[in-house]
Amino acid sequence: GSRQNMRCVFQASGTGNQFIYAGAIRRLGLDVGITRGGTLFWAVFARNSRIGRGTLRGNYVGASANAALGLGLGANVLIGGSRRTITLQPLSVEGQFGVNLALTVTSLRLR
């Protein structure tokens, strides 16, 4: 398994407003290798369109698959957040650099 701290920026598509979150992603399962830094991109789906400061806070859970040999890619499927009403796009795009192979159960905590 592994744990990585992260800085997250949500940008609202309609208004362009930005909200910053601190987060930690934990993976449990097959997670072998070393990576350094990376970028995740998710689309955010919510039951209503009123996403403001703090709306994305909470715990998310799902599954991840990542592979890297030099430059790598990954996919994450996570759901949770405020009263489990937020879905982070079913497949995210993740870019990382290192040597890694991971098939894990994943949790993400945003504050």
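Between the side chains of Arg7 and Asn5, no donor N or O sits under 3.5 Å from an acceptor N or O.
Across Met6 and Ala24, no two heavy atoms sit closer than the pair CG-N, 4.2 Å. When all heavy atoms are compared, the tightest approach of Ser2 to Asp31 is OG-OD2, 2.6 Å.
Side-chain contact between Tyr21 and Arg57: present, with at least one pair of heavy atoms (C-beta onward) separated by less than 4.5 Å. Between Leu56 and Phe19, every side-chain heavy-atom pair lies at or beyond the 4.5 Å cut-off.
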**OP:** Take Val61 and Leu78 through the side-chain contact (heavy atoms from CB on, under 4.5 Å) test and state the conclusion after the steps.
**Re:** CA-CA 5 Å; Val61 68; Leu78 301 176; 5.6 Å; no
Which donor-acceptor pairs under 3.5 Å do the side chains of residues 99-111 make with protein atoms, sequence neighbours left out?
from   : atom 1 : to     : atom 2 : distance (Å)
Thr104 : OG1    : Thr106 : OG1    : 3.1
Thr106 : OG1    : Ser64  : OG     : 2.6

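With rounding to the nearest 0.5 Å, the separation of CH2 in Trp42 from CZ in Phe10 is 13.5 Å.
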